[in-house]
Peer 1: 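The following block contains the structure, expressed as structure tokens.
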Amino acid sequence: MYYNARLQLLLKKINPSRISVMQKDGEIYKSWEEKGYFKPELHTNGNPYSIILPPPNANAPLHFGHAMYTVEDILIRYHRLLGDKTLWLPGADHAGFETQFVFEKKLLEKGKSRFDYDRETLYKMIWDFAAENRPVMENQLKRLGFSLDWSRSKFTLEEDIIKIVYKTFKKLYEDGLVYRAEKLVNYCTYDGTSFSDLEVIYEEKNSPLYYIKYGPLTLATTRPETKFGDTAVAVNPRDKRYKQYIGKEIEIETVFGKAKLKVIADDMVDPEFGTGVVKITPAHDFNDFEAGQRHNLPSVQVIGLDGKMNEKAGKLKGLYVKQARKAIVEEMQKKGLVEKIDESYINRIGVCYKCKNPIEPLPLEQWFIKMEPLAKYAIKAVKEGKLKIYPKNFEKLYFQFLENIRDWNISRQIVWGIRIPAWQNKKTREWKVTEGENPGDDYIQDNDTFDTWFSSGQWPYASLAATNSLEFYPTSVMETGYDILRWWVARMMMLGIYMTGKPPFKDILLHGLVNDPLGKKMSKSKGNVIDPIEIVEQYGADTVRFALVYGNATGNDQALSYTKLEAAKKFINKLRNIARFVVEMKPKTSSKEAAQRIEDIKVMKNLEKVTKDVTDALERYDFNFALNMLYEFIWHYFADVYIEQSKKRREEAQPYLEHILKTMLILLHPFMPFITEELYLQLPNHLESIMLEKWPKVKA
RNA sequence: GGGCUCGUAGCUCAGUUGGUUAGAGCGUUGCAUUGACAUUGCAAAGGUCAGAAGUUCGACUCUUCUCGGGCCCACCA
């Protein structure tokens with residue numbers, strides 16, 4: 001029966017399980033690496049071309065965003081084939097707070113906490129933890145086929161990197177761009193560290209609005225527990241209702257008894273909100289802090305770093321903020337000081353981006369970087385066209401961030417990181433910044449470590465310098481997810497220009513996010529995280545790479561698509577069969593002289609066109625278009641038309657078939673490195689590897 | 001409140017600087033195929049390109065507005 005015959009045939013051919021393909025990919029990768037193909041020295045005389053891999057966190061396995069680095073591998077392999085002296089430099093980030101956070105969770109499982117260890121022990125433990133996990137991440141990058149020069153791999157906590165980071169800090173300090181000050185900072189009382197503005201996320205939360213009597217006035221607040229820190233009451237200067245009180249002191253009744261409070265006028269007060277009267281608590285609110293400075297108000301801290309009320313809160317001392325709020329409201333209600341409560345009020349609360357607990361604005365002495373002078377140059381570089389951002393619309397985001405930038409708090413109260421090389425004199429309390437050395441017995445080092453992004457912000461320069469590869473600076477392109485444009489790219493621009501006088505890259509290329517198959521953002525809490533390596537094991541690396549590039553415009557988010565994975569699988573099958581037809585089913589003899597028939601002339605013309613189109617598309621980072629051209633040409637022209645035609649005149653066409661197949665494999669290699677190598681090695685007269693081939697020349 | 005982005009075939013998405021019959025993958029329908037093809041080939045159906053107005057000889061593409069998703073930023077007590 002026909003059907004059974006088909007089935008038999010099918011079963012006979014059904015391939016090698018996925019595992020053996022994986023093995024094959026692994027072997028191919030290994031041989032490439034062993035032969036040194038990933039090193040720039042492969043083309044010593046070529047033009048330098050370089051990309052710095054955004055260093056993944058050392059402690060964590062890859063997520064699907066990392067698989068998007070396929071785009072970088074495409075560029076790297078393309079330039080290698082062009083004959084450029086090409087470097088793709090890998091690395092690993094210590095990811096300070098993130099890693100410590102994960103590690104603390106692990107400690108918690110064992111019934112321990114960070115407080116059970118001294119600094120050195122904790123650091124050592126996290127070091128081992130990261131060291132243990134780093135190879136996992138690196139192997140995953142290899143499985144995706146990424147042609148990184150592993151001999152140059154760096155880790156952000158290595159001595160030579162730290163030295164460079166210290167140098168930068170000292171230079172900033174000497175140039176007056178780093179200062180130490182007590183300011184209100186974003187502090188997470190659960191994780192015990194401060195953050196920069198970027199690490200705070202805002203969530204809409206129901207926060208009851210309490211209308212409280214302050215002597216003759218009534219004000220509305222969501223934070224009654226901070227009233228012990230009030231040093232004024234503010235109204236709008238144009239608010240007629242309260243004109244009589246401005247500049248005067250009012251007597252208010254508190255849970256402690258009577259007290260006096262100044263009434264100030266400030267434009268920050270919106271007369272429409274609440275009663276138009278606001279309490280000013282400079283020590284616990286960013287707006288109030290500024291108002292306090294404008295009006296010379298004292299600052300009274302009532303909440304400690306532990307998140308508990310301090311002695312200024314009287315008998316509420318020792319209570320956590322939430323408990324204290326409840327207690328004080330009850331107390332005031334007893335005294336009849338609460339006029340009403342708007343229970344349904346919703347406002348935006350800053351929470352820790354990691355543990356999601358409320359961020360407490362607290363006064364703390366920290367190191368800050370003055371950003372404006374640095375931002376100026378980063379803005380200028382892009383405005384003057386020294387480098388371009390792709391896709392272009394992200395330029396706006398870039399400018400928006402840099403033009404409104406505020407000073408950067410780089411102190412973190414964690415141990416996992418680069419300890420700040422600042423030393424304080426025990427007697428004079430003066431600070432000395434060094435390049436790491438202890439200035440003397442009278443000094444003790446700051447306990448804090450740098451914000452991770454301070455060191456990763458120097459990564460292009462630092463990693464190249466530490467690997468003796470500065471000839472590759474500035475790098476050719478910085479390719480990364482748009483979600484870290486502000487956190488990372490903008491900071492690399494600022495610090496890179498500051499330290500070297502040049503932007504650290506010639507182009508910025510941003511890719512979109514990979515969402516779950518339904519288009520929702522992958523997140524642990526939603527439980528929809530898909531492991532890229534699992535998909536690689538299921539479909540193969542080439543398939544995954546194809547699926548991520550095909551049908552997706554540069555910079556756009558995409559949903560992980562199984563139908564695209566299936567399509568990619570079929571395409572690979574097509575390639576295999578084309579190769580089988582051209583190579584295995586070769587005619588015994590073939591013409592020496594190419595017989596230029598009309599279809600041959602046409603196919604060569606089309607080949608030339610597709611080569612040019614693909615090359616142009618790669619030059620403008622239009623990967624989808626390039627891959628589309630190849631797909632169309634290979635399947636619907638080369639296979640469907642030319643090969644079909646050639647069956648009648650096989651001997652004549654054979655030289656063309658081989659030539660076109662080889663050219664296709666080369667053009668496709670950046671996108672699908674494994675299958676192209678595998679098939680290439682089946683061609684007659686092949687080199688040792690497709691990686692040694694040359695990108696076909698495009699006629700101008 | 002400000003900004004960005006998307007709304008194109010049943011589904012997921014492309015559409016390069018505005019130019020003739022708007023494309024792909026998957027799906028659907030018909031026919032063919034012991035074929036180099038784990039199938040594939042040929043053909044077909046299917047879109048008022050969210051809606052409205054404008055610029056233009058001509059708009060999916062540019063402008064404005066409306067509706068509806070998504071994301072980001074901002075100090076609302």
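Just so it is clear, the model here is predicted, and its values are computed rather than measured. Letters go in sequence order (proteins before strands), and every chain restarts at 1.
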Peer 1: Applying a 4.0 Å non-hydrogen cut-off, can you work out what A/Asn404 is touching in the nucleic acid: base, sugar-phosphate, or nothing?
Peer 2: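 It contacts nothing in the nucleic acid.
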Peer 1: Is there a side-chain contact between A/Leu217 and A/Val233 (heavy atoms, below 4.5 Å)?
Peer 2: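 Result yes, sub-4.5 Å side-chain heavy-atom pair found.
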Peer 1: Any strand is fair game: report the nucleotide pairing with B/A9 by Watson-Crick or G-U wobble, both distances under 3.5 Å, or none.
Peer 2: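 No nucleotide pairs with B/A9.
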Peer 1: Mind calculating the distance between CG (A/Leu485) and C1' (B/G3) to the nearest angstrom?
Peer 2: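 Rounding to the nearest Å, CG of A/Leu485 and C1' of B/G3 are 14 Å apart.
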Peer 1: Would you mind reading off the distance between A/Leu513 atom CG and B/C71 atom P, rounded to a whole angstrom?
Peer 2: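 Atom-to-atom, A/Leu513 to B/C71, this comes out as 11 Å.
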Peer 1: Would a line drawn from the ring center of A/Tyr637 to the ring center of A/Tyr642 be shorter than 6.0 Å?
Peer 2: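 They do not qualify: ring centres at least 6.0 Å apart.
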Peer 1: Please report the distance separating the C1' of B/C60 from the corresponding atom of B/G47, rounded so that it comes out in whole Å.
Peer 2: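 Nearest-Å result for B/C60 against B/G47 at atom C1': 11 Å.
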Peer 1: Output the rounded distance in Å from CG (A/Leu518) to P (B/C13).
Peer 2: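 Interatomic distance, CG of A/Leu518 to P of B/C13: 10 Å.
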Peer 1: Base, sugar-phosphate or nothing for A/Val582? Non-hydrogen atoms, less than 4.0 Å.
Peer 2: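 Answer is nothing: A/Val582 stays at 4.0 Å or more from every strand.
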Peer 1: Please check if atom CD in A/Glu372 has more than 12 non-hydrogen atoms from other residues, nucleotides or ligands closer than 6.0 Å.
Peer 2: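 At most 12 heavy atoms, drawn from other residues, nucleotides or ligands, come within 6.0 Å of this atom.
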Peer 1: Check the interface with nucleotides 14-16 of chain B: list each N/O to N/O pair with the protein under 3.5 Å, or write none.
Peer 2:
residue, atom, partner, partner atom, Å
B/A14, OP1, A/Asn556, ND2, 2.8
B/A14, O2', A/Asn624, ND2, 2.6
B/U16, O2, A/Arg620, NH2, 3.0

Peer 1: Look at the side chain of A/Lys396 against the base of B/C4 and say whether a donor-acceptor pair falls under 3.5 Å; ignore hydrogens and angles.
Peer 2: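 Not at all, since no donor on one side and acceptor on the other fall under 3.5 Å apart.
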Peer 1: Pair A/Lys326, A/Glu225 - check salt bridge (Lys or Arg N to Asp or Glu O under 4.0 Å), show working.
Peer 2: CA-CA 8 Å; A/Lys326 206 173 154 217; A/Glu225 76 282 3; over 6 Å; no
Peer 1: Could you check whether atom NZ of A/Lys388 has more than 12 heavy atoms from other residues, nucleotides or ligands sitting under 6.0 Å from it?
Peer 2: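 Incorrect, the count does not exceed 12.
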Peer 1: B/A53 and B/U39: how far apart are their P atoms, nearest whole angstrom?
Peer 2: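 After rounding to an integer number of Å, I get 49 Å for this pair.
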Peer 1: Can you tell me, in whole Å, how much space there is between the P of B/A38 and that of B/G19?
Peer 2: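 Taking atom P in both B/A38 and B/G19, they lie 41 Å apart.
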Peer 1: Now, which nucleotide makes the Watson-Crick or G-U wobble pair with B/U17, with each of the two distances under 3.5 Å?
Peer 2: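 Checking every strand shown, B/U17 finds no partner, since no pair has both distances under 3.5 Å.
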Peer 1: Between A/Arg486 and A/Trp453, is NZ or CZ placed under 6.0 angstrom from the six-membered ring centre and within 45° of the ring axis?
Peer 2: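 No, A/Arg486 does not lie over the aromatic ring of A/Trp453.
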Peer 1: For atom P, what is the distance between B/C67 and B/A52, given to the nearest Å?
Peer 2: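 Per the computed distance, 15 Å lies between those P atoms.
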Peer 1: Under 4.0 Å between a side-chain N/O of A/Arg406 and OP1 or OP2 of B/C75, yes or no?
Peer 2: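 For B/C75, OP1 or OP2 has a side-chain N or O of A/Arg406 closer than 4.0 Å.
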Peer 1: Paired with B/C31: which nucleotide, if any, by Watson-Crick or G-U wobble criteria at under 3.5 Å for both distances?
Peer 2: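 For B/C31, the partner nucleotide comes out as B/G41, under the 3.5 Å rule.
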Peer 1: Can you tell me how far P in B/U64 sits from the matching atom in B/G69, rounded to whole Å?
Peer 2: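 Going atom to atom, P in each nucleotide, I get 22 Å.
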Peer 1: Answer yes or no: side-chain N or O of A/Gln400 and base N or O of B/A74 forming a donor-acceptor pair under 3.5 Å.
Peer 2: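 For A/Gln400, whose side chain was compared with the base of B/A74, there is no donor-acceptor pair (under 3.5 Å).
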Peer 1: Roughly how far apart, to the nearest Å, are B/C57 and B/A14 at atom C1'?
Peer 2: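 Here B/C57 and B/A14 have their C1' atoms 29 Å from each other.
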Peer 1: Salt bridge between A/Lys24 and A/Glu678, side-chain N to carboxylate O under 4.0 Å?
Peer 2: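 Salt bridge flag = yes for A/Glu678 with A/Lys24.
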Peer 1: Does the ring centre of A/Tyr550 sit less than 6.0 Å away from the ring centre of A/Tyr631?
Peer 2: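 Yes, ring centres under 6.0 Å apart.
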Peer 1: In Watson-Crick or G-U wobble terms, both distances under 3.5 Å, what is the partner of B/U63?
Peer 2: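 Paired with B/A53.
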Peer 1: Students often get this wrong, so: under 4.0 angstrom with heavy atoms, is A/Glu644 touching a base, only sugar-phosphate, or nothing?
Peer 2: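 Base contact.
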Peer 1: Show the numbers, then the answer: is there a salt bridge (Lys or Arg N to Asp or Glu O under 4.0 Å) between A/Arg620 and A/Asp507?
Peer 2: CA-CA 11 Å; A/Arg620 61 171 194 269; A/Asp507 280 329; over 6 Å; no
Peer 1: For A/Glu584 and B/C37, what is the distance between atoms CD and C1' respectively, to the nearest whole Å?
Peer 2: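 Computing the A/Glu584:CD to B/C37:C1' distance gives 12 Å.
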Peer 1: On RNA chain B, check which nucleotide each of A/Met268 and A/Tyr482 is closest to and give me the residue with the more 5' one.
Peer 2: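 The 5'-side residue here is A/Tyr482.
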Peer 1: When you compare B/G10 with B/A45, how far apart are their P atoms, in angstrom units rounded to a whole number?
Peer 2: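 Each nucleotide's P atom is 14 Å from the other's.
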Peer 1: A/Lys586 vs A/Glu658, test: salt bridge (Lys or Arg N to Asp or Glu O under 4.0 Å). Steps then yes/no.
Peer 2: CA-CA 10 Å; A/Lys586 202 175 166 171; A/Glu658 284 176 19; 3.6 Å; yes
Peer 1: Hey, what are the protein-to-nucleotides 25-30 of chain B N/O distances that come in under 3.5 Å?
Peer 2:
residue, atom, partner, partner atom, Å
B/C26, OP1, A/Lys570, NZ, 3.4

Peer 1: Any base atoms under 4.0 Å from A/Ser561, or only sugar-phosphate, or nothing? Heavy atoms, all strands.
Peer 2: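 The residue A/Ser561 makes no contact with any strand.
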Peer 1: Using a 4.0 Å heavy-atom cut-off across all strands, classify A/Leu397 as base, sugar-phosphate, or nothing.
Peer 2: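 Result for A/Leu397 = nothing.
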Peer 1: Are a donor atom and an acceptor atom from the side chains of A/Tyr482 and A/Asp557 found within less than 3.5 Å of each other?
Peer 2: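 Side chains of A/Tyr482 and A/Asp557: pair found under 3.5 Å.
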Peer 1: Can you check the distance between B/A74 and B/G27, where both ends of the measurement are the C1' atom (answer in whole Å)?
Peer 2: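 Result for the C1' pair: 45 Å, nearest Å.
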Peer 1: A quick test of your reading: do over 12 heavy atoms of other residues, nucleotides or ligands sit less than 6.0 Å from NZ of A/Lys262?
Peer 2: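 Counting neighbours around NZ of A/Lys262, 12 or fewer heavy atoms of other residues, nucleotides or ligands fall under 6.0 Å, so no.
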Peer 1: Rounding to an integer number of Å, can you tell me how far A/Phe286 CZ sits from B/A74 C1'?
Peer 2: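 That distance rounds to 14 Å.
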Peer 1: Can you tell me which nucleotide in B/U40, B/A38, B/C75 comes closest to the side chain of A/Asn287?
Peer 2: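 Nearest to the side chain of A/Asn287 among the choices is B/C75.
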Peer 1: Could you check whether the side chain of A/Lys647 and the base of B/A36 have a donor-acceptor pair of N or O atoms closer than 3.5 Å, going by distance alone?
Peer 2: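 When only heavy-atom distances are counted, A/Lys647 does reach the base of B/A36 through a donor-acceptor pair under 3.5 Å.
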Peer 1: Please work out if A/Ala617 contacts a base, only the sugar-phosphate, or nothing of the nucleic acid, heavy-atom cut-off 4.0 Å.
Peer 2: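 It contacts nothing in the nucleic acid.
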Peer 1: Phosphate oxygens OP1/OP2 of B/C73: is one of them under 4.0 Å from a side-chain N or O of A/Arg486?
Peer 2: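 Yes, because at least one side-chain N or O of A/Arg486 sits under 4.0 Å from OP1 or OP2 of B/C73.
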Peer 1: Please classify the nucleic acid contact of A/Asn393 as base, sugar-phosphate, or nothing, using heavy-atom distances under 4.0 Å.
Peer 2: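 Contact class for A/Asn393: sugar-phosphate only.
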Peer 1: Give none if B/C71 has no partner; otherwise give the nucleotide forming a Watson-Crick or G-U wobble pair with it, both distances under 3.5 Å.
Peer 2: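 Pairing partner: B/G3.
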